[in-house]
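Letters go in sequence order (proteins before strands), and every chain restarts at 1.
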Amino acid sequence: MNSPPTNDFAIRTTEIPDRILGDYPVGKVYDEMRAPDGTLRPHYQALATTLAALPQEELQRRKQSADFSFLTQGITFTVYGRDEGTERIFPYDLLPRLITAAEWRTIERGLTQRILALNHFLRDVYSDARILADKVVPRQLVYSCRHYRRQMCGLEVPRSVYIAVVGSDLLRLPSGEFVVLEDNLRVPSGVSYMLTNRRVMKRTFPRLFQSYGVQPIEHYPQLLLATLRSLAPEGRPEPNIVLLTPGVFNSAYFEHTYLARQMGIDLVEGRDLVTHDNIVYMRTTGGLKRVDVIYRRVDDDFSDPLAFRSDSSLGCAGLFNAYRAGNVTVTNAFGTGLADDKGMYAYVPRMIRYYLGEDPILNNVETYLLTEDVQRKHVLANLDKLVVKAVGESGGYGMLIGPHSSAAQREEFARAIEANPRNYIAQPTLDFSCAPCLFDGRLEPRHVDLRPYILFGDKVQIVPGGLTRVALEKGSLVVNSSQGGGSKDTWVLE
Amino acid sequence: MNFYSIRHLTRFRYTRPVSESIMEVRMHPRTDAAQHCLSFSLAVSPRCRVFSYRDQYGNDVQHFDIPGEHAQLVILAESLIEQHPAEPLPSALPSSAWDDLAELIEGGDYGEMLLPSQFTHPSGALKQLAAELRISRRDDPLTLARELNHALYQYFEYVPRSTRVDSPIDEAILSRKGVCQDFAHTMIALLRLQGIPARYVSGYLYRGSGDHDRSTPDATHAWVEAQLPGLDWVGFDPTNDLLAGARHIRTAIGRDYSDVPPTHGIFRGNAESELYVAVQVEASSSAPVLDRRQHVPDDWTVLVERAREAPPRPTPLASAQIVQQQQ
């Protein structure tokens, strides 16, 4: 029943029963499964064949068993404002998203290049600031960035690695080309969903999974641990590594507990840590224990009330001074949000050319800087066609999607842009790709992005795949989990 | 040539013992063009190890933590300074100096000292004040800064404790009174509004028998530096209608007060703190013996500064920030 994927022919869509395909449209966007002429892309053939052969009841049964797996593994999130059943499973789609080995090689090379350039940029801005003196990036953009941490200037960072854990968001354009939508260089989340999706999918479609030859991702926690170890301070051969979480009320708390358990390290909150004479300790039942490496899932602002926001109780007072003294590694480093500011994003291709002397392998999405008069005028005149984003936000907040907006919303954004142009950027509304998703036993296309997880210790390493986020709402372009998005497993083929 | 010996005593008394405290101090006088710090010592009680680092503006910062329970914290900073007389300023700059300034900014790195910072936001009240004082890009930058310095001296009444350490400048501007911190912030904001890089200086002002300064003696002081073409950073003291000169001893520079508080710390415990600060600056024309140790008087009567803590937070283990206002 499961035939291996072949590249020499594509079966006609008519071979997939109509009861599954329904009126699956092939539109102007790139469809991950179907070519513009309606034929199946070769690497999707085995998946289609499997689906075609499965009776409706069997598909239903597998869906239920997958639901149950997610539930028993505790992959839930909380729905507020209801009396009953507030714990829901994280929305997911049953069908894997497939990426060919050749496509993945391009993504891997492109992201490696990009992460190296971004790391160069952070080191440069916080030391010699050559790129500012050479006027490749405007100084004002740096100094006006809310995530610029002037305390980092002149600091030595272990191995000069500022961004050890990165999640970059990719989209696929109608041409089939992958482009980078944004980089997440502070506390990227979602990797636990990537790992859990895989575990569940291997159980749901065991034979299909085997026949495809999917590149493994299960070693991510061990790679992360090795990355953290490689960044330990000198002279600490057996470093004590901890994961610092803001606590149970953080939406990613599940992930923090999951990763700490997978790596076999302690999960701590700020109140579990104490500094004395520039050394960080954790309180344990056996007394204080020195901490060498902190995998930080707390924003800069809340990490150290002495160095950053003094009204925060989430962090550990004195942490930054211990870090400055080189007695503890905190990663990602402080101030990395400077490089994922959406205004700075527009300059990343120039950073790649400046630091590496190479052309970008993965392109940016065209971006309008609203501090430039000509671009702002153009944007204000075309708000109904563009997407406007606040530069310091993430998670789909502070966004205007022009074609889906009301006149009142556009007016509100126009006023906000005029009042503070540095705070916004605009991009064209992108027709990014769709992948087949299963709804009531039928396939329907939904928009998807891809967030690969990149680790940078000794070298840049990317587990093949990442989190494919899905805009589950029909026609929606918003994939953020905080805004009604879901996810699906991502299979990078061998 | 002037020598100054400075003794700066800070004492925090807690209404109830606190379980730990952690603190950074910026009391180490700077060593740069016109000033040389010959010696510096910091004594802390209860005893603890003192660490130091140099911050992003080149200020030397000392920091320490006290892990045990304590009811008071005393910090004594002593330093010896050699001050070189500065070159006298020209009476004015050519009117082309505005262009020179633009060129300077284009080629250099003054970005942070040109942008609004926490205490120097260009509010409506500030813009109104700029209009009232006729602040615009007229004459030349030096003349403008000088006139602004004098205008602010006249505009503001010096009233100790009329504002708090974290008061926005609007409070002082609207009530026309404040302390040196408010005057410095107002002047910085007005200079930056005109595109002149300006920064905040924290330090001490020596008062000789013939000086009649408005600011409280025996306290820390704050003033302003503006970047002017051909003159580098020039100090203005709007509190006393002075150009900062040989009597001004600089300990730290920053965008505004929030970058350079003399003490900045946190304690753990449900208590209020009472702050006492006393500063003594003595001058001599020849180098004093370096290891001269003055006797700390038991009754330090000149308690020039006294600030109440913000009310403790409703959590049982409150962390409160320890700050002091500059006068």
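Separating the OG atom in Ser117(B) from the OH atom in Tyr257(B) is a distance of 14.0 Å, to the nearest 0.5 Å.
Chain B forms more heavy-atom pairs under 4.5 Å with one residue of Met152(A), Gln140(A), Arg150(A) than with any other, namely Arg150(A). The candidate from Arg54(B), Glu20(B), Glu106(B) with the greatest count of non-hydrogen atom pairs under 4.5 Å with chain A is Glu106(B). The most heavy-atom pairs under 4.5 Å with chain B, out of Leu155(A), Asn321(A), Asn278(A), come from Asn321(A). Highest contact tally toward chain A, considering only Gly108(B), Cys48(B), Gly107(B), is held by Gly108(B) [criterion: heavy-atom pairs under 4.5 Å].
Proximity of a side-chain donor or acceptor of Asn423(A) to a complementary backbone N or O of Ala390(A) within less than 3.5 Å is not detected. In this structure a side-chain-to-backbone donor-acceptor pair under 3.5 Å is present from Asn119(A) to Tyr162(A).
A parallel orientation is assigned to the rings of Tyr355(A) and His120(A), their planes being inclined by less than 30° (bins at 30° and 60°).
For Val274(A), the part sitting under 4.5 Å from any heavy atom of chain B is the side chain, from C-beta outward, and nothing else. Residue Phe64(B) does not touch chain A at all, counting heavy-atom pairs closer than 4.5 Å.
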Practice item. Could you please spell out the steps behind the ring pair (Phe, Tyr, Trp, His ring centres under 6.0 Å) verdict for Phe267(B) and His70(B)? Key: CA-CA 10 Å; Phe267(B) 64 82; His70(B) 54 287; 8.5 Å; no
